[in-house]
Amino acid sequence: LVALAVVSRAEPPEAPSFEVGSIKRVPSSDVGIFTNIAGETFTARNITVRQLLLWSHAARYLSSEIVGGPGWIDVDRFAIIAKMGRPDAPVLRMVRSLLIERFNLRMHEEARERPVFHLVLARPDGRLGPGLRPSTIDCQAAARRPPGDGERCGWRSMPGRFVGKGVSIPLLVSQLSYPAQRRIVDKTMLGGQFDIDVTWESDGPGAGAPVGPQFAVDGERVGASLFTALQEQLGLRLEPGKGAVPVLVIDSVDRPTED
């Protein structure tokens with residue numbers, strides 16, 4: 001792989017940190033990870049370093065786009081309880097600071113040429129599928145109406161389904177990369193807002209699960225079903241290609257001192 005560009009991902013000196021943080025290594029569990037923010041307390045259980053990175057970067061990367069580091073970042077699991085200081089604290093940045101301070105994490109971002117999928121129109125005549133229709137909702141007007149008064153623009157994404165009202169194709173693309181387990185590049189040239197409803201086979205643990213490897217989907221099985229769903233329901237197709245993809249490179253990381 002050829003690095004096309006390098007960007008530092010170290011947090012700036014003024015990056016916010018937790019006031020107090022407790023980290024303990026815990027036995028591996030099959031119940032999945034748990035993250036919660038209650039008041040001024042952030043809690044995570046049964047979580048690995050890779051999952052913390054995925055969570056704290058808010059889905060910027062796929063699991064395969066975090067490279068380097070020792071094998072234990074996918075094996076060792078931790079319980080974390082940390083005090084934020086205030087309920088509206090920037091918790092994602094605080095978790096990134098915790099990784100730097102307690103795990104001695106050093107990392108940088110590179111743009112690398114990697115396999116991607118190009119999202120294109122499936123039919124030569126450009127006809128769209130029944131689940132993809134130009135939206136007739138005036139999103140700005142709808143936002144000014146009282147709750148319950150007519151349709152509103154918005155979207156929901158869960159394992160095996162995406163539903164949107166008055167949303168763009170780039171938004172759909174951003175939500176399909178995880179089930180496809182590969183970056184998707186929009187090549188449809190479809191502008192404007194759409195009403196979208198697409199479902200596909202998924203082995204995910206259910207709606208509301210955090211993004212990341214805890215989806216534990218069978219990539220090949222879900223991929224084939226996703227490809228079919230896009231063609232039949234949306235009139236779109238995924239084609240393999242290559243493109244520059246942001247990759248988070250772990251330069252070094254240590255097991256934390258437990259407390």
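Residue numbers count from 1 along this sequence. Given the structure is predicted, the values throughout are model-derived calculations rather than measurements.
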Under 6.0 Å between ring centres, would you say that holds for Phe34 and Trp55?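 Between Trp55 and Phe34, which both carry aromatic rings, the centre distance is not below 6.0 Å.
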
Show me the pairs that pass salt bridge (charged side-chain N to carboxylate O under 4.0 Å, His left out) and involve residues 68-81, at least two apart or across chains.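 Listed once each, the pairs are Arg25-Asp76, Arg50-Asp74, Asp76-Arg255.
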
Short N-O contact, [X] and [Y], less than 4.0 angstrom:
{"X": "Asp125", "Y": "Arg123", "value": "no"}
{"X": "Glu109", "Y": "Arg60", "value": "yes"}
{"X": "Asp197", "Y": "Arg161", "value": "yes"}

I'd like to know whether CZ of Arg45 has more than 12 heavy-atom contacts from other residues, nucleotides or ligands below 6.0 angstrom.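 Open.
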
So does Arg156 have more than 12 non-hydrogen atoms from other groups sitting under 6.0 Å from CZ?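 Open.
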
Expected output: side-chain [X] to main-chain [Y] donor-acceptor under 3.5 Å:
{"X": "Gln233", "Y": "Thr199", "value": "yes"}
{"X": "Thr188", "Y": "Leu121", "value": "no"}
{"X": "Ser225", "Y": "Glu201", "value": "yes"}
{"X": "Gln175", "Y": "Leu172", "value": "no"}
{"X": "Gln231", "Y": "Thr228", "value": "no"}
{"X": "Ser174", "Y": "Leu171", "value": "yes"}

Side-chain donor-acceptor pair present, Ser135, Gln193, cut-off under 3.5 Å: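 There is no such pair between these side chains.
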
